[in-house]
Amino acid sequence: MLAIWVGKLVAWLLRLRGHDATSFPGKIALRFSPNLLRRFGRQLERVIIVTGTNGKTTTTSLLASMISQQENIITNHKGANLIQGIVSACLRESSWTGRIRAKTAVLEVDEATFPLIADSLPVVVIVVTNVFRDQLDRYGELDTTVEKLFSAIRKTQACLVLNGDDPLCRHLGLRASRKTFYYGMDRATAKVSARKQMRDGQFCLQCGHELSYEGFWYGQLGLYRCPACDFVRPHPEFLGTYRGHTLTLAEDLVPELELTLPVQGLYNAYNVLAAVSAARVLGLWADPIHAGLASYSPPAGRMQSFDVGVPVTLNLIKNPTGCDSVIETVTSDPRRKWVVIGINDLAADGRDVSWLWDADFEQLAEDEHVERIITSGLRAHDMALRLKYAGIDTNKIGVIEQMDDAMDKAVAEATAAQSAVYVLSTYTLLHPAVHTLSEKVRNDESQTLAYRTSVS
């Protein structure tokens with residue numbers, strides 16, 4: 001009881017000071033009661049876990065929006081995916097006596113955290129978005145991440161919803177030996193890439209032979225098969241056809257669903273496909289799915305848009321594959337644009353920033369509409385060097401170590417030129433960037449109101 005009171009009091013004080021209170025209340029409460037998550041878990045009827053390397057936060061938020069059309073839920077949709085974040089989400093939906101006000105939880109869970117909590121919760125569905133190389137200092141190489149996920153799955157009786165286009169997810173499904181549903185894109189939309197990108201997971205985990213691909217979507221997601229054994233891409237139970245602003249979901253014996261996408265880019269279309277597939281496995285029909293998409297608002301820094309006189313789009317980057325997908329979205333925008341890239345190497349970002357050399361920044365060099373790129377953060381000079389070797393004209397590259405100053409410069413110059421601004425940042429710079437841009441929006445609105453002609 002004391003842990004509940006302390007946690008809720010800490011959350012109240014943080015919100016009073018304008019903070020989100022997404023992790024710290026749970027961290028403090030766990031000091032008083034290390035088994036608090038298990039106590040909360042005993043009150044829940046079902047838990048849906050969303051894990052994987054990229055897309056967890058967006059997929060969780062999308063799925064939570066759909067399920068909440070029918071019932072109250074607990075969710076950590078703002079991305080606090082460690083144990084303290086999950087406990088904080090439960091505290092938020094509990095009374096002062098610890099009684100939870102919902103029976104269903106939709107939780108984003110970090111891959112390394114999942115094995116630690118899997119047996120504390122009544123997990124009924126596990127969604128794995130993808131498995132890419134990420135933060136080597138935390139996760140190690142890909143086979144280590146796969147083993148962590150498998151050890152967590154083995155502690156539950158849950159059914160699986162897996163990305164069938166990812167050979168590493170396919171391997172998880174084969175090893176798990178339980179009810180598994182795959183989702184994937186229509187093979188007609190796959191492309192043969194001429195770019196020499198880093199692609200993780202291109203070797204068969206059954207026999208070690210290099211996989212053969214007919215085409216790719218992004219990263220190692222594609223039409224794969226092993227020429228040396230029977231490992232092959234499955235036929236997805238949930239098949240998506242991506243057409244830029246819409247996604248058509250095809251499922252056997254069920255009418256097709258035409259979905260309007262509330263997010264940009266192919267990688268976000270995969271997030272929608274994952275969320276809708278999980279919703280269908282949970283028994284949701286078209287109405288709550290459409291309503292959930294319509295009411296969805298993006299989590300902080302996931303293609304989040306701000307109007308500060310010019311359009312600013314903010315997105316998290318943290319590993320090569322995710323970064324490539326974001327850069328592709330930037331370069332597909334035909335407008336003139338300024339780009340700010342903020343790189344930190346604190347614990348939450350990953351100390352090892354060697355992934356910058358595997359990301360395809362060469363795409364930016366090929367985009368004639370990129371007017372200038374400003375690098376920022378603790379590793380601003382490292383990022384500027386990477387851009388130089390990507391073939392970008394050094395006259396286009398600027399270094400401003402303070403992120404706020406970098407964004408001020410970009411917004412001011414873009415306003416004068418009527419250009420767009422894209423801000424890409426690692427995790428510890430992301431939320432300060434959200435705060436700064438939100439303040440700019442509020443200030444811009446205040447000035448608009450102050451100078452609006454009176455009609456009274």
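Numbers here are sequence positions counted from 1.
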Can you tell me if E108 and T57 form a side-chain donor-acceptor pair at under 3.5 Å? yes
Under 6.0 Å from the CD atom of E368, do we count more than 12 heavy atoms belonging to anything else shown? no
If only side-chain N and O atoms count, and only distance matters, is there a donor-acceptor pair under 3.5 Å linking D349 with T428? yes
Minimal non-hydrogen separation, L261 against A269, with atom names: CD1-CB, 4.2 Å
Using a strict cut-off of less than 4.0 Å between a Lys/Arg side-chain nitrogen and an Asp/Glu carboxylate oxygen, indicate whether D345 and R379 qualify as a salt bridge. yes
Hey, does V312 have a side-chain heavy atom less than 4.5 Å from the side chain of V411? yes
Keeping to residues at least two apart or across chains, list the ring pair (Phe, Tyr, Trp, His ring centres under 6.0 Å) pairs with something in residues 159-192. none
Taking R178 for the side chain and A158 for the main chain, is one N or O donor matched with an acceptor at less than 3.5 Å? yes
Side chains of Q220 and D166: donor-acceptor distance under 3.5 Å anywhere? yes
Does NZ or CZ of R175 come closer than 6.0 Å to the centre of the six-membered ring of F150, within 45° of the ring's axis? yes
Which value, rounded to the nearest 0.5 Å, describes the distance between S419 atom OG and D333 atom CG? 10.5 Å
Is it the case that more than 12 heavy atoms not belonging to H369 sit under 6.0 Å from its NE2 atom? yes
What orientation do Y218 and Y270 show, parallel under 30°, tilted 30 to 60°, or perpendicular over 60°? perpendicular
Ignoring hydrogens, what is the shortest heavy-atom contact between Y224 and R170? Give both atom names and the distance. OH-CB, 3.1 Å
Salt-bridge contact D230-R225 (side-chain N to carboxylate O under 4.0 Å): no
Do T113 side-chain atoms and V109 backbone N/O form a donor-acceptor pair below 3.5 Å? no
Decide yes or no for Q206 and L174: does some side-chain heavy atom of the first lie under 4.5 Å from some side-chain heavy atom of the second? yes
Donor-acceptor under 3.5 Å (D165 side chain, M185 main chain): yes
Tell me yes or no: between the side chains of N319 and T321, is some donor less than 3.5 Å from an acceptor? no
Just by distance, with hydrogens left out, do S295 and S65 show a side-chain donor and acceptor under 3.5 Å apart? yes
Between N76 and N81, do the side chains contain a donor N or O and an acceptor N or O under 3.5 Å apart? no
Scan side-chain atoms only and decide if T104 and R46 contain a donor-acceptor pair under the 3.5 Å cut-off. yes
Would you verify whether the NZ or CZ of R187 falls within 45 degrees of the ring axis of W217 while also being under 6.0 Å from that six-membered ring's centre? no
Within the 4.5 Å heavy-atom criterion, are V423 and N315 side-chain neighbours or not? no
Distance check, rounded to the nearest 0.5 Å: L211 atom CG versus L223 atom CG? 12.0 Å
Can you tell me how far apart CG (N72) and CD1 (I67) are? Round to the nearest 0.5 Å. 12.5 Å
Measure the shortest side-chain to side-chain distance between S376 and M403 over non-hydrogen atoms and say whether it is less than 4.5 angstrom. yes
Let me confirm one number: the SG-CD1 distance from C90 to I100, rounded to the nearest 0.5 Å. 4.5 Å
Whether over 12 other heavy atoms sit under 6.0 Å from Y242 OH: yes
Only counting residues at least two apart or in another chain, list the ones meeting ring pair (Phe, Tyr, Trp, His ring centres under 6.0 Å) with Y427. H431
Could you state the interatomic distance from CG (L266) to NZ (K191), rounded to the nearest 0.5 Å? 8.5 Å
Tell me, do I86 and L37 make a side-chain contact under 4.5 Å, heavy atoms counted? yes
Taken to the nearest 0.5 Å, the spacing of T426 OG1 from N344 CG works out to 4.5 Å
Are there over 12 heavy-atom neighbours, none belonging to D287, within less than 6.0 Å of that residue's CG? no
T180 side chain reached by L162 side chain, heavy atoms, under 4.5 Å: yes
A side-chain contact here means heavy atoms from C-beta on lying under 4.5 Å apart; do L107 and T60 qualify? no
When you compare the side chains of E258 and T248, does any donor N or O come within less than 3.5 Å of an acceptor on the partner? yes
K27 atom NZ: more than 12 heavy-atom contacts under 6.0 Å: no
